[in-house]
Amino acid sequence: YYLMKILSVNIDHVASLRSARKEKYPEPIKAAILVELAGADGITVHLREDRRHIREKDISQIKEIINIPLTVEVGLDTKRIEFLLDIKPHQITLVPEVTTEVTTTRGFNIKNEFNQIKPFIEKIKKADILVSLFIEPNKENCTLAKKIGADIVELNTNKLTHSTLPNNLTAYLKELEEVAKYAYSNGLKVHVGHGLDYSHIKFLKPIEVITGYSIGFSIITRSLYEGISRAVKDMLTLIKD
Ligand code: PXP
């Protein structure tokens, strides 16, 4: 049998660029439209406590205009989650949030946070929204994710990033595969994300039960590299012709 693989593209960093200049553009909704037209299976955004990239208005616009599933990542915060229950994205991914972090640094270790996570999962499920938990990849977390009512686990892949690539990659991948298979056999959907770039896919693709990829930074980076020469040429034409 063959399990379909889906890519949900995280467009947070389009909004980071907007924030860097405190401008009205680049607009995440425009990027979302292009991502959809390019054939992606979904759009992902992270509504952070400090709203440093994506804001509520972006999410409302994307939800209204985009026709592919929207996933919103969010920390355990009542106010933001109430907003999302109203907006009804396809999926909410709960993530542990640390106010000062540059990006999400770890997945949940559910054992330590079970009682904090549970009421949010109940509310999200009641609103008929899929719920994913971003976890550190181990079997205990998968057992608890099922017990707590999650539909999906997103295994934190940040160990695959350039700065932390494990010395023993084969052993790391074997363990990841075991955890992924364990989650799948427990009835969970298995996604991966965080820090994934184009060079990592060949390692993960053989793990059949991994069906979802949540990728942002590397795609937005490549879009710059791919687009910059055209952008320069367009300006040169205006100036010199
Ligand atoms: N998955 C989760 C849970 C995240 O928090 C993020 C970053 O917002 C991503 C995936 C995407 O990571 P990256 O931008 O490094 O591809």
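Just so you know, ligand 1 is whichever comes first in the structure, and atom 1 is the first atom listed for that ligand. These values consider heavy atoms only, across backbone and side chains, with no hydrogens, waters or symmetry-generated copies. Here the structure is a predicted model, which means the values were calculated and not measured.
For the side-chain contact (heavy atoms from CB on, under 4.5 Å) criterion with V153, the lone passing option out of V192, I135, L144 is I135.
Between the side chains of T93 and T71, no donor N or O sits under 3.5 Å from an acceptor N or O.
Here the protein heavy atom with the shortest distance to atom 14 (O) of ligand 1 is F217 N, 2.9 Å. Closest to atom 16 (O) of ligand 1 among all protein heavy atoms lies G216 N, 2.7 Å. The nearest protein atom to atom 11 (C) of ligand 1, hydrogens excluded, is given as S214 O, 3.9 Å; this is a heavy-atom distance. The single protein non-hydrogen atom nearest to atom 7 (C) of ligand 1 is H194 CD2, 3.8 Å, given as residue, atom name and distance. Atom 5 (O) of ligand 1 has T104 OG1, 2.8 Å as its closest protein atom, hydrogens excluded (heavy atom only). Scanning the protein heavy atoms around atom 1 (N) of ligand 1, the nearest turns out to be E154 OE2, 2.5 Å.
Considering both main-chain and side-chain atoms, G195 comes within under 3.5 Å of ligand 1 through a nitrogen or oxygen pair. Not a single N or O atom of V95, backbone or side chain, sits closer than 3.5 Å to an N or O atom of ligand 1.
The atoms of ligand 1 that sit less than 4.0 Å from any heavy atom of I215 are 16 (O). Ligand-side atoms of ligand 1 in range of F134: 3 (C), range being under 4.0 angstrom from any heavy atom. Close contacts between ligand 1 and D12 involve ligand atoms 8 (O) [criterion: under 4.0 Å to a heavy atom]. Using a 4.0 Å cut-off to heavy atoms of N10, the atoms of ligand 1 that qualify are 8 (O).
A salt bridge does not link D128 to K88: none of the charged side-chain nitrogens sits closer than 4.0 Å to a carboxylate oxygen. A salt bridge does not link E175 with K159: none of the charged nitrogens is closer than 4.0 Å to a carboxylate oxygen.
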Can you list the steps and then say if S223 with H13 is a side-chain contact (heavy atoms from CB on, under 4.5 Å)? CA-CA 11 Å; S223 76; H13 295 303; over 6 Å; no
Passes side-chain contact (heavy atoms from CB on, under 4.5 Å), I121 versus L133? Steps please. CA-CA 9 Å; I121 296 210; L133 280 181; 4.1 Å; yes
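Using cut-offs of 30° and 60° on the angle between ring planes, the pair H53 and H46 is tilted. The aromatic rings of F134 and H194 sit tilted relative to each other, their planes meeting at an angle between 30° and 60°.
Heavy atoms of T93 come nearer than 4.0 angstrom to ligand 1 in no pair at all.
The option from H13, R48, E73 that lies nearest to atom 8 (O) of ligand 1, judged by heavy atoms, is E73.
Using a distance-only test at 3.5 Å, with no hydrogens or angles considered, a donor-acceptor pair links the side chain of D41 to the main chain of L7.
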